[in-house]
Protein chains: 2
Amino acid sequence: MSPYDPSAFPPFAVTVDLVVLTVRRHALCALVVRRGEPPFQGRWALPGGFVRGDEDLAAAAARELAEETGLCAHDPASPAPGNGAHLEQLATYGDPKRDPRMRVVSVAHLVLAPDLPAPRAGGDANSARWASVEDHLGQENGFGREGEQPAPLAFDHARILADGVERARSKIEYSSLATAFCPPEFTVGELRRVYEAVWGVALDPRNFHRKVTGTPGFLVPAGGTTTRQGGRPAQLFRAGGATVLNPPMLRPEV
Amino acid sequence: MSPYDPSAFPPFAVTVDLVVLTVRRHALCALVVRRGEPPFQGRWALPGGFVRGDEDLAAAAARELAEETGLCAHDPASPAPGNGAHLEQLATYGDPKRDPRMRVVSVAHLVLAPDLPAPRAGGDANSARWASVEDHLGQENGFGREGEQPAPLAFDHARILADGVERARSKIEYSSLATAFCPPEFTVGELRRVYEAVWGVALDPRNFHRKVTGTPGFLVPAGGTTTRQGGRPAQLFRAGGATVLNPPMLRPEV
DNA sequence: CCAAAAGTGTTAATCGTACACCCATGT
DNA sequence: ACATGGGTGTACGATTAACACTTTTGG
């Protein structure tokens, strides 16, 4: 039990893996990269990499995110500057056999990003893409495509992705995080389509509008209007300062 | 960027730290141990220890818990057997300077336990105790004692404890986890006192009774009654199978 | 009898839901 | 004119909060 017994300090490699979620074409999508080396060569995996010796975990996640996407994310719990995406720690995965090469503990992080142009690969080109979450997690809510299931993600990344999606789904209920999926200025309808895509449900546009505009601090008017969705021009809003929603958004049953 | 460059694999020590919470004498308490060696010798700290080379993170947390308390905890996400306490992963702390000796990444776990006899120390006697959470986190809701602030916990353990308490406070809202603070059979009043201690509020006994007995799957009658609280005998209940509470328990404002 | 805690009834206010209806634009 | 999405009004049922009241024990 002496903490100075070297046999009590087995060396670990520590990595960060990223669950980067966005909403594209009314579907929840995750960023995946193609592995260039074994193990799992050629398979899709979550982006990630090793934590450096003098680097905080959140900083490592932000660095990997920037390398993979060019995004500058901001962990609200850290003083680092940021714009655009939301970043938070998700969970840590440390099964002794999760990486066949060695003992690797991975601290997974969750990133919520607005719809982006085509992802830019870290080093190799055309090796990153947005994958529909339903395709990789199986049929959900009847949205799953039949047949053509893609190969499972490498390592335990399917489990990590599932945990990240579950976290996002529950967190937009009681926080204003859904705005992280939107551009800086957005309409109530765009925000509603985010909720619909993440939850896989249809929401009543009238009640949704009352709810979000009536929750203090959730949205602040940005001044202009837009007609980019067709129909009557919609007011533009920015995310308000509130982070916790009271009362919460209610996810319809089943 | 080659993943086989040894300089990209800085070695880390990986530990688990435990936030073990219980309710004693109508107060939320956390298990703390006194450190026997530097750094922070003589200061209180959260229990914890190094993860072994072939050990899963949850298994390491359960092992440390058993060593410190004799409790057999059960992580619902793992197939390990267990009785009594609830165990779940909390968060991971990896600031490069959090341990002055070396680079240590600590995977904190949260344990919710029923009121226990005096804690049993791991190796040294009388080096573990239940500490009131208010004493270590400062005044909360007017409960904080004035003067006599104890020395801060070692390392970043005050932050870890605060995160664990916050997790427990929010999780008993929408899950049946509050029963983890109760013995196997308990009364509605005892469960109410758990909520009151964890949240630091007073709840209406009548409405609370209706709420918890009316939530399907939360409580199942155990058959007997008890008068251990004085007054009219109260029915005994066991925790039902439900893990998620719908509708949730509502925490009063402020 | 009285204090204390358990449990039930009732009421008014609030909240969520469903849906009718009108508004402002592009085609 | 019509389709499309934006936005407001309203009515009904469900949930909550507040509190009067009865029940069953111990002292």
Side-chain angles (χ1 to χ4, degrees), chain A residues 23 25-26 172-174 182-183 185-197 199 201-216 218-238 244-254, chain B residues 25-26 172-174 182-183 185-197 199 201-238 244-254:
Chain A
V23 173
R25 290 177 281 112
H26 211 273
I172 64 173
E173 284 189 61
Y174 56 88
C182 296
E185 297 195 349
F186 53 90
T187 69
V188 172
E190 289 165 349
L191 182 63
R192 175 172 48 82
R193 281 180 278 276
V194 164
Y195 275 91
E196 291 178 332
W199 284 344
V201 298
L203 301 174
D204 184 302
R206 292 87 57 131
N207 293 334
F208 183 88
H209 186 281
R210 237 192 313 268
K211 180 100 178 186
V212 297
T213 56
T215 298
F218 194 5
L219 302 182
V220 296
T225 62
T226 182
T227 86
R228 57 182 172 236
Q229 301 291 340
R232 170 176 165 178
Q235 286 182 60
L236 285 169
F237 291 89
R238 251 186 280 272
V244 53
L245 259 37
N246 206 318
M249 300 296 301
L250 292 186
R251 169 154 44 163
E253 306 282 321
V254 191
Chain B
R25 290 178 282 112
H26 210 273
I172 65 174
E173 284 189 62
Y174 56 87
C182 296
E185 297 195 350
F186 54 90
T187 69
V188 173
E190 290 165 349
L191 182 63
R192 175 171 49 82
R193 281 180 278 275
V194 164
Y195 275 92
E196 291 177 333
W199 284 344
V201 298
L203 301 174
D204 184 298
R206 293 86 62 134
N207 292 334
F208 183 88
H209 186 282
R210 237 192 312 268
K211 180 98 180 190
V212 296
T213 57
T215 298
F218 193 4
L219 303 182
V220 296
T225 61
T226 183
T227 83
R228 58 182 171 238
Q229 299 293 337
R232 170 176 169 178
Q235 287 182 60
L236 286 169
F237 293 87
R238 252 187 277 274
V244 54
L245 259 36
N246 206 320
M249 300 297 300
L250 292 186
R251 168 155 45 161
E253 305 282 323
V254 191

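Numbered from 1 within each chain, the chains take letters A, B, ... in sequence-line order.
If you check D:dG6, D:dT8, C:dG7 against the side chain of B:H209, the one that comes closest is C:dG7. Candidate nucleotides D:dA20, D:dG7, D:dT16 were compared by shortest atom distance to the side chain of B:R206, and D:dA20 ranks first.
A:R228 has its CZ atom 17 Å from the C1' atom of C:dA24, to the nearest Å. As a whole-Å value, the separation of A:N207 CG from C:dA20 P is 13 Å. If you take CG of B:L219 and P of C:dG7, they are 11 Å apart, rounded to a whole angstrom. In this entry the distance linking CZ of A:F208 with C1' of D:dG5 reads 14 Å, nearest Å. Rounded to whole Å, atom C1' of C:dA5 lies 13 Å from atom CD of B:E196. Nucleotide D:dT15 holds its P atom 12 Å from the CG atom of A:L250, rounded to whole Å. In this structure, A:D204 places its CG atom 13 Å from C1' of D:dG6, rounding to the nearest Å. Note: NZ (B:K211) to C1' (D:dA18) measures 15 Å, nearest angstrom.
Between the side chain of A:K211 and the main chain of A:L250, no donor-acceptor pair closer than 3.5 Å is present. Between the side chain of A:E190 and the backbone N or O of A:C182 there is no donor-acceptor pair closer than 3.5 Å.
Residues B:R192 and B:H209 have side chains not in contact (no heavy-atom distance under 4.5 Å, counting atoms from C-beta outward). Side-chain contact between B:W199 and B:E173 is present, with at least one heavy-atom pair separated by less than 4.5 Å. In this structure the side chain of B:T226 reaches within 4.5 angstrom of the side chain of B:T187, judged on heavy atoms.
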* To do: Treat primed atoms plus P, OP1 and OP2 as sugar-phosphate and everything else as base, then score nucleotides 22-27 of chain D 5' to 3': B for base contact with protein heavy atoms under 4.0 Å, S for sugar-phosphate contact only, - for none.
  => -BBB--
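Heavy atoms of other residues, nucleotides or ligands lying less than 6.0 angstrom from CZ of B:R228 number more than 12.
Stem analysis of DNA chain C (at least three stacked-register Watson-Crick or G-U pairs, each with both distances under 3.5 Å) gives C:1-27 with D:1-27.
Residue A:L191 holds its CG atom at 6.0 Å from CG of A:L219, rounded to the nearest 0.5 Å. Here the CZ atom belonging to B:F218 is positioned 4.5 Å from the CG atom belonging to B:L245, to the nearest 0.5 angstrom. Expressed to the nearest 0.5 Å, how far CZ of A:R210 lies from CZ of A:R206 amounts to 9.0 Å.
With hydrogens and angles ignored, no donor-acceptor pair closer than 3.5 Å exists between the side chain of A:R210 and the base of C:dG16.
A side-chain contact (heavy atoms from CB on, under 4.5 Å) with B:M249 is found for one member of B:V212, B:L203, B:I172 and no other, namely B:V212.
Between B:Y195 and B:F208, the distance separating the two ring centers is shorter than 6.0 angstrom.
The stretch residues 187-194 of chain B comes close to DNA chain C through B:G189, B:R192, B:R193, each having a heavy atom under 4.0 Å from the strand.
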